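Worksheet for the structure shown next.
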4 protein chains.
Amino acid sequence: MLCCFCASLRRCSIDCWGHSMLLCSRSMASKTPVGFIGLGNMGSPMAKNLLRHGYPVIATDVFPESCKELQDEGAQILDSPAEVADKADRIITMLPSSPNVIEVYTGPNGILKKVKKGTLLIDSSTIDPSVSKEMALAAEKMGAVFMDAPVSGGVGAASLAKLTFMVGGVEEEYTAAQELLTCMGANVVYCGQVGTGQAAKICNNMLLAIGMIGTAETMNLGIRLGLDPKLLAQILNMSSGRCWSSDSYNPVPGVMEGVPSGNNYQGGFGTTLMAKDLGLAQHTATNTKTPVPLGSLAHQIYRVMCARGYANKDFSSVFQFLREQEDEPEKKGD
Amino acid sequence: MLCCFCASLRRCSIDCWGHSMLLCSRSMASKTPVGFIGLGNMGSPMAKNLLRHGYPVIATDVFPESCKELQDEGAQILDSPAEVADKADRIITMLPSSPNVIEVYTGPNGILKKVKKGTLLIDSSTIDPSVSKEMALAAEKMGAVFMDAPVSGGVGAASLAKLTFMVGGVEEEYTAAQELLTCMGANVVYCGQVGTGQAAKICNNMLLAIGMIGTAETMNLGIRLGLDPKLLAQILNMSSGRCWSSDSYNPVPGVMEGVPSGNNYQGGFGTTLMAKDLGLAQHTATNTKTPVPLGSLAHQIYRVMCARGYANKDFSSVFQFLREQEDEPEKKGD
Amino acid sequence: MLCCFCASLRRCSIDCWGHSMLLCSRSMASKTPVGFIGLGNMGSPMAKNLLRHGYPVIATDVFPESCKELQDEGAQILDSPAEVADKADRIITMLPSSPNVIEVYTGPNGILKKVKKGTLLIDSSTIDPSVSKEMALAAEKMGAVFMDAPVSGGVGAASLAKLTFMVGGVEEEYTAAQELLTCMGANVVYCGQVGTGQAAKICNNMLLAIGMIGTAETMNLGIRLGLDPKLLAQILNMSSGRCWSSDSYNPVPGVMEGVPSGNNYQGGFGTTLMAKDLGLAQHTATNTKTPVPLGSLAHQIYRVMCARGYANKDFSSVFQFLREQEDEPEKKGD
Amino acid sequence: MLCCFCASLRRCSIDCWGHSMLLCSRSMASKTPVGFIGLGNMGSPMAKNLLRHGYPVIATDVFPESCKELQDEGAQILDSPAEVADKADRIITMLPSSPNVIEVYTGPNGILKKVKKGTLLIDSSTIDPSVSKEMALAAEKMGAVFMDAPVSGGVGAASLAKLTFMVGGVEEEYTAAQELLTCMGANVVYCGQVGTGQAAKICNNMLLAIGMIGTAETMNLGIRLGLDPKLLAQILNMSSGRCWSSDSYNPVPGVMEGVPSGNNYQGGFGTTLMAKDLGLAQHTATNTKTPVPLGSLAHQIYRVMCARGYANKDFSSVFQFLREQEDEPEKKGD
């Protein structure tokens, strides 16, 4: 995996696919099975990429129907996380939120009920870093090792094995984790002790949200002041106002091609998901007593947008949300 | 002038100086005098660069002592804007704020009292775009042409003729303005009708402030969550959180060299000046009924910082402002 | 006028009408004419109350049709502010915004073109206090006296002579102003030098907006946490969370009777008007370098509401704006 | 207990003490012991009031030295919550934060290890309502009943048995809880299902914080605009800007007597405590997806104040925080 680390929502330009297939097929003979828990929109293609790299996969999901596709591709399906832990000594989990992670690890049929000593547990869910730390402690008590490895990149990147993993945990185990993660992603970055993978993801997405809303406000203000949107974007991008949202994902329709603003804010990274990540940022900031005034306001803005019908639009639709509605009576009167 | 347009606070890497000297000396014989009003920290070096390019300069300032240095370099000093307008048909003004501009143009001894028909008036002050429009109307009534051309870049850039000018006004007059502005700056960008130069500058600086505070919050949160600051900056800069403040002017001491955060926030762009520009952004947003929630909160944060002793520090000191004070009793107890 | 000063949007409970009629009819014989400029929704009923108290009224408005009704009630209608100033030595102005005030006082046909020495000028418009100060200076140069006297209370209070006036200006002239203002309002409060009437009104409305949004957020949060809205309002109102918006104008439908929240947010004080007053607060805060973080965010929220279809609803509709939309798909999935 | 419910930080004016002593001594003979866990600044005087009303008290605390005083007054001290649960069938807990509550109830030596069927558990800590719900579920499994009953009022009110209790839990058990709570407080309010006591307290304190910061901003702005602070407070308090912070706890020194602003912000309700409560509000808002823009910004402001040396001052010191520092160089220059 030679390409640069990008963690962005846009696809990295270097294709590492061919190379990694080559690399992996060589060592296929000796592969031991990998457990995979959570076969949703993200987990399912991730597990498939493990199969493609020659790893036998033992999987489970609370919804049996989610398992069928993977079973057809050759995976063994079991009934509970505990049973998976009984059979595999490397397990990857990909779950929607903190309570699911707690249940899957420490619940009555959870991994830790039957985990074997020395098992490597990798959680790719995006959750509160303090929950990652709790899970790591609980795993340690059973003689297992827990690492957090949240991803950047959506369903498309998961299918193409182009995800970015931000990994937190004991450094000595990082190489073992990397071996599996490189089958599912283009970039794997070691961030430090357990929880720092989550921290890195949360921090990036908080700054992303601030930059996006800031860009939307600025573009809207400039347009109202008579500037051409394309020219304004160009000026910002060559100046100190430049950010990823202005130069790679501009929220104003017509300024850039191939981004959700050009497609009525369909696709991309949904407002609900951004609101969820900002909620995590808020939680960790509150818990560590860290002031994050803009991050906090960004959270509130995306929360209001969810309440006002923007839940399923791309998060760059904040430009549309802040903009004056057309045929707004106020404009005529006042 | 071949170098790229950068408008940033950091110096552009291409030296256009030698080239422009060559260019300008050729046409020196035929040059008519240029008026210059406002010889402060910025105006004085700007006027000197006109002299160096062979333009006779006729100048004035409300403080006679500000004129001495320029007089020694060969400029003619007069008593009032009106007198300058009587002698020069191209006049540049560089003043601290809107009221000064109004006084210099429309006051009892103002330019418009004696301006000649066809005179080109270029205002490089950073002011409210609506005042620029007023001045343009007043100038038009006297048969003169007014353009706004605020600058990006500080005293250093002014001395080295490396400023960036964002120009608003009638397009037909742009070439005439460009001739003079290229003697004082490395980049000249035409933005549209009168006032759009100001608009572009205000928009850029608003997004800059949002990006800076957002970067400071994010870096602080990440550090509290156990991330190494340099690693975090690196991750952000390769990801969707990237912005000018994270990759070119990082506010955390030790992350980058050659920026104010590495020098106790000395030098750079002062918090007071940023608060002033955000005040202009706020005024224009209020007047055009444009919502700018993050821009507005950024304004308030820099305003509180001015009240709490950060007025003269670089605007990246917001990182220090938000960070937990050392030896803070709260940390021990709670 | 004995009743308490209420300045609120709700009607004061003491009826001062009968008393004041009595008081005024006694001195009716000797009354000299009063000028009145601006016969809109507010100005027209105010001028009528002057007529009812026996003052001959000389009036004008830019829209001739606005004058008819008052003419029918006995007022003399002239063509311009200047003409009114030529005939009356006490003039009241009631105009929509700062530019109108500047035009009516200092424009080509403005009051100051023909104002007589010693004339008392009372401006009841709600404008920027710095414009009030400018007008006072301009009036002083002509030997006239200018006072600002913005009102609290809407069209209903104007008709019933129940307005509250907050008055700024030279203290010696206050009694003369009070004589006229008590014919149109139930409360007249002297606030200090010129501009402080505006300041008092702007300050009150800024705190009102903050209290209203805060109440809306708090009630919404409590309801989501399972509290009965009426019980929560009761608890707040007996506790330190109590404010005018929680105890006299509760924004949650069903909690109180006789307020706009019970009537689909019709009537009351429109979001557009609140956004305008918050814009003035923002301007004065920016100009005086005063940090107002919550006031500023309140401004932005009302500005977004104007852009999202709430312009003509009562300002307590912020509860509806923040609340989850019904049938919101996000609630089901996530 | 006849006096009104006040929940405010200021003392209620009606003395219910004599009456309740009379009431309680009558039934002293038949009293069964009450367990009390958490003998800090608040818990200790609360437990003493139970002793004074004739209830035998069986107590414990993690710090043995905290127990001495109560032991001297006749309480029996045991080693762990589990042992207390073994001896008492009514237990009150008063702990600093959620993790302590979880430990005391569900930890290895926690109440639930030895709780008897039918035991009434009352938690007076201020914590996340979702933790209260968890504890209620866990208690239910053991056949016990859990109620949340956070208090309003500080150490002084605890000593004088003048606290206000906001109670959430099964309505049938409310009378039993009330019997004990009235020995320690002047007001007991039933709020609804478990968690609503916490919800009511959190909601009140969030609106309180918004009102306080809003009042501080408004008073500061008015003073800068030339208004006398006492007059401005008077105007606000008779108008729609009125709130508890403006009329009962004004943050501007000199406006009111007997409040912390008159005593250099000593005493009262500390900024750290307010920041903690706003953190809880933020958590519950995030968890219930409720937008609270002003509440969220208020949280951030108190968080920054904690980082800037205001941690131990009364929360009304936000006025001082926002105000221009004296001898601020920026005021002279600019």
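Just so it is clear: chains get the letters A, B, ... in the order the sequence lines come, proteins before strands, and each one is counted from 1. What's counted below: heavy atoms across the whole structure, side chains too, no hydrogens, waters or symmetry copies. Treat the numbers as computed from the prediction; the structure is a model and nothing was measured.
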*Going by heavy atoms in the side chains, are A:Leu278 and A:Met206 under 4.5 Å from each other?*
yes
_Is it the case that the side chain of A:Tyr249 and the backbone of A:Ser316 share a donor-acceptor pair, with hydrogens and angles ignored and the cut-off at 3.5 Å?_
no
_Taking side chain as everything from C-beta outward and backbone as N, CA, C, O, which of these in B:Tyr190 sits under 4.5 Å from a heavy atom of chain A? Side chain, backbone, both or neither._
backbone
*Quick one: does A:Phe269's side chain get under 4.5 Å of A:Asn205's, heavy atoms only?*
yes
_Heavy-atom pair count under 4.5 Å with chain A, highest-scoring of B:Ile210, B:Leu221, B:Thr284_ = B:Leu221
_Residue among B:Gly211, B:Ala298, B:Cys191 with most heavy-atom pairs under 4.5 Å to chain A_ = B:Cys191
*Among B:Gly192, B:Gly195, B:Gly222, B:Pro293, residue most engaged with chain A (heavy-atom pairs, under 4.5 Å)*: B:Pro293
*Without swapping roles, check the side chain of A:Lys201 against the backbone of A:Val151 for a donor-acceptor pair under 3.5 Å.*
yes
*For A:Asp247, is it the side chain, the backbone, both, or neither that has a heavy atom closer than 4.5 Å to a heavy atom of chain B?*
side chain
*Selection from A:Asp228, A:Thr288, A:Leu232, A:Ile202 maximising heavy-atom pairs under 4.5 Å formed with chain B*: A:Thr288
_Taking side chain as everything from C-beta outward and backbone as N, CA, C, O, which of these in A:Leu231 sits under 4.5 Å from a heavy atom of chain B? Side chain, backbone, both or neither._
side chain
*asked:* Which residues pass the side chain to side chain donor-acceptor pair (under 3.5 Å) test with A:Ser246, not counting sequence neighbours?
replied: A:Asn237
*Would A:Ser240 and B:Asn204 count as having a side-chain donor-acceptor pair, cut-off 3.5 Å?*
yes
_Interface residue of largest heavy-atom contact number with chain B, from A:Leu225, A:Thr218, A:Ile213, under 4.5 Å_ = A:Thr218
*Heavy atoms only, distances under 4.5 angstrom: which of A:Leu297, A:Leu322, A:Leu227 has the most pairs with chain B? Name it, please.*
A:Leu227
_My understanding is that only residues two or more places apart in sequence, or in another chain, count here; which of them pass salt bridge (Lys or Arg N to Asp or Glu O under 4.0 Å) with A:Asp128?_
none
*Taking A:Cys243, A:Cys203, A:Ala199 one by one, which has the highest count of heavy-atom pairs under 4.5 Å against chain B?*
A:Cys203
